[in-house]
Number of protein chains: 2
Amino acid sequence: MSYTLHRGDALTALAGIPDNSVDAVITDPPYNSGGRTSSERTGRSARAKYTSGDAEHDLANFPGENRDQRSYDFWLTLLLTESYRATTESGAALVFTDWRQLPTTTDALQAAGWTWRGIASWHKPVSRPQKGRLKQSCEYIVWGTKGPVDPDRNPVYLPGLYTASQPRKDRVHITQKPVEVMQELVQICPPGGTVLDPFTGSGTTGVAALREGRKFVGVELSDHYADIAEARLLETMQQTARREDFTLAGPEE
Amino acid sequence: MSYTLHRGDALTALAGIPDNSVDAVITDPPYNSGGRTSSERTGRSARAKYTSGDAEHDLANFPGENRDQRSYDFWLTLLLTESYRATTESGAALVFTDWRQLPTTTDALQAAGWTWRGIASWHKPVSRPQKGRLKQSCEYIVWGTKGPVDPDRNPVYLPGLYTASQPRKDRVHITQKPVEVMQELVQICPPGGTVLDPFTGSGTTGVAALREGRKFVGVELSDHYADIAEARLLETMQQTARREDFTLAGPEE
DNA sequence: CCGGTTGATGAATCCCACC
DNA sequence: TGGTGGGATTCATCAACCG
């Protein structure tokens with residue numbers, strides 16, 4: 001399997017991706033959430049918004065968290081429109097979101113032309129309890145398809161709830177997803193097909209895609225994270241290549 | 001603990017409920033979902049939509065599923081506005097919804113004046129897998145408060161994910177919720193407070209409220225279900241009364 | 001290798017002091 | 001007055017550490 005990693009802005013890079021060239025878009029855009037006032041949301045850095053006061057880890061900040069609500073809607077719609085163009089018929093889009101942006105995300109997905117098919121949940125067992133409230137222990141995966149679902153193209157049965165903790169050690173991104181969850185989600189792409197992630201971050205989607213025998217196309221704006229993603233993708237490709245050689249040659253007995 | 005059950009239309013009955021007289025609104029409105037076209041939604045009965053073709057059970061149909069989308073938005077907003085009026089400061093609203101109506105429900109909740117606080121998930125482990133798709137195994141609970149949360153009024157820590165199967169035997173309503181889930185959710189109402197459910201159905205919310213030491217006010221349009229709810233509520237009240245007597249008197253030794 | 005203990009943490013949230 | 005930043009709060013979960 002192979003990967004391509006574009007460095008730069010997601011919209012710009014997407015424009016260069018040919019029509020009907022990917023089979024699934026699986027991505028985790030900046031949520032642009034957190035903070036009650038507009039200035040709190042747009043002025044503070046992602047790290048300031050999302051890491052608790054006593055956290056000792058020193059993960060880098062990430063860009064793209066400074067839009068106001070209207071502009072976020074518009075931008076996400078543009079992004080999903082470009083992704084739609086790049087996707088094959090019956091291809092799927094899986095977009096992570098938190099509770100605040102869930103309605104915006106379903107709007108943007110549909111405005112971009114996708115047929116909204118449902119919501120899956122990622123349940124995080126380690127989340128902060130709050131007095132007098134319901135805990136906010138899930139993030140959500142809004143998903144849709146380009147046109148009809150073709151059940152025979154990719155006859156998989158995927159769960160609607162994924163339970164997994166955020167990686168703790170070896171974590172390199174504030175909002176890093178567990179690779180085991182992503183390995184399940186990439187199954188929505190047919191084997192040998194191509195997965196696109198316009199917000200690659202530390203590259204977990206790509207690692208999962210390569211491990212599961214899918215090709216990967218990513219885009220990352222931040223040089224810091226693009227370097228990390230590149231290293232993780234390269235390592236995964238070498239590992240899977242070794243495993244394939246081993247399988248083809250068979251173990252020595 | 002005590003209950004009141006109004007028979008009739010939810011909006012009409014709500015108008016008769018005094019201002020600031022309930023501490024939490026917990027309800028499961030008709031989702032008006034299922035069916036891709038307006039005619040599919042409005043033409044078929046709830047029973048045809050929500051039960052599989054070969055289901056043997058004979059659950060009665062329920063009304064309130066024949067609105068188009070705009071009218072559903074408007075109606076749900078009216079309903080939540082009346083509920084808001086009836087609720088005390090810092091009181092909470094918990095509204096069940098499926099994925100299709102989730103954005104509508106968050107819109108209506110906020111339009112009615114509530115402060116949207118989050119989404120909790122009810123996970124149904126037994127749900128139908130579908131080829132080429134992510135399983136739709138959750139329903140959602142959109143929740144908010146009237147004004148600020150007062151953590152000291154009701155110092156509970158509630159989970160954000162509830163896992164339970166729909167009742168199978170003893171099921172009397174098509175969309176009946178598991179009573180153990182409802183018993184957790186009614187904790188959002190302070191002990192001794194009043195829970196309002198404008199769509200009582202078979203009365204599960206009320207049963208849970210009484211069991212957990214909260215008073216209950218319900219509304220149900222269908223006579224068939226109002227009878228069932230009345231019977232279940234009465235039985236629960238007698239059970240809890242016996243338990244209280246027993247506790248007060250102490251067991252004979 | 002197993003079992004019990006310790007300690008850190010969370011795409012939070014809110015209040016309050018300060019500018 | 002309005003925006004900004006700092007800090008207190010909270011506990012189920014899980015990695016790390018021991019014995």
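Please read all numbers here as calculations on a predicted model, not as lab measurements. A, B, ... follow the sequence lines: proteins, then strands. Residue 1 opens every chain.
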When we call it a touch if two heavy atoms are under 4.0 Å apart, what does [X] touch: a base, just sugar-phosphate, or nothing?
| X | value |
| --- | --- |
| A:Pro125 | sugar-phosphate |
| B:Pro148 | nothing |
| A:Phe96 | nothing |
| A:Tyr140 | nothing |
| A:Pro29 | base |
| A:Ser33 | nothing |

- Query: Considering every strand shown, what is the Watson-Crick or G-U wobble mate of C:dG3 when both distances are under 3.5 Å?
  - Reply: D:dC18
- Quick one: look up who D:dT10 pairs with, Watson-Crick or G-U, both distances under 3.5 Å, and put none if it's unpaired. none
Candidates [options] - which lies nearest the side chain of [X]:
| X | options | result |
| --- | --- | --- |
| A:Glu139 | D:dA12, C:dC14, C:dA11 | C:dA11 |
| A:Pro129 | C:dA11, D:dT9, D:dC11 | D:dC11 |
| A:Arg168 | C:dA8, C:dA11, C:dA12 | C:dA8 |
| A:Lys169 | D:dC14, D:dA15, C:dA11 | D:dA15 |

- Message: If stacking means aromatic ring centre less than 5.5 angstrom from the base's six-membered ring centre, planes under 30°, is A:Tyr50 stacked on C:dA12?
- Response: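 By the stated criterion, A:Tyr50 and C:dA12 do not stack.
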- Message: To check you understand the geometry: which heavy-atom pair defines the closest contact between A:Gly193 and A:Asp23, and what is its length?
- Response: CA-OD2, 3.2 Å
- Message: Less than 4.5 Å apart, side chain to side chain, heavy atoms only: is that true for B:Leu210 and B:Lys215?
- Response: no
- Message: Between A:Tyr31 and A:Glu139, do the side chains contain a donor N or O and an acceptor N or O under 3.5 Å apart?
- Response: yes
- Note on the structure: Across all chains, not counting sequence neighbours, the ring pair (Phe, Tyr, Trp, His ring centres under 6.0 Å) partners of A:Phe96 are none
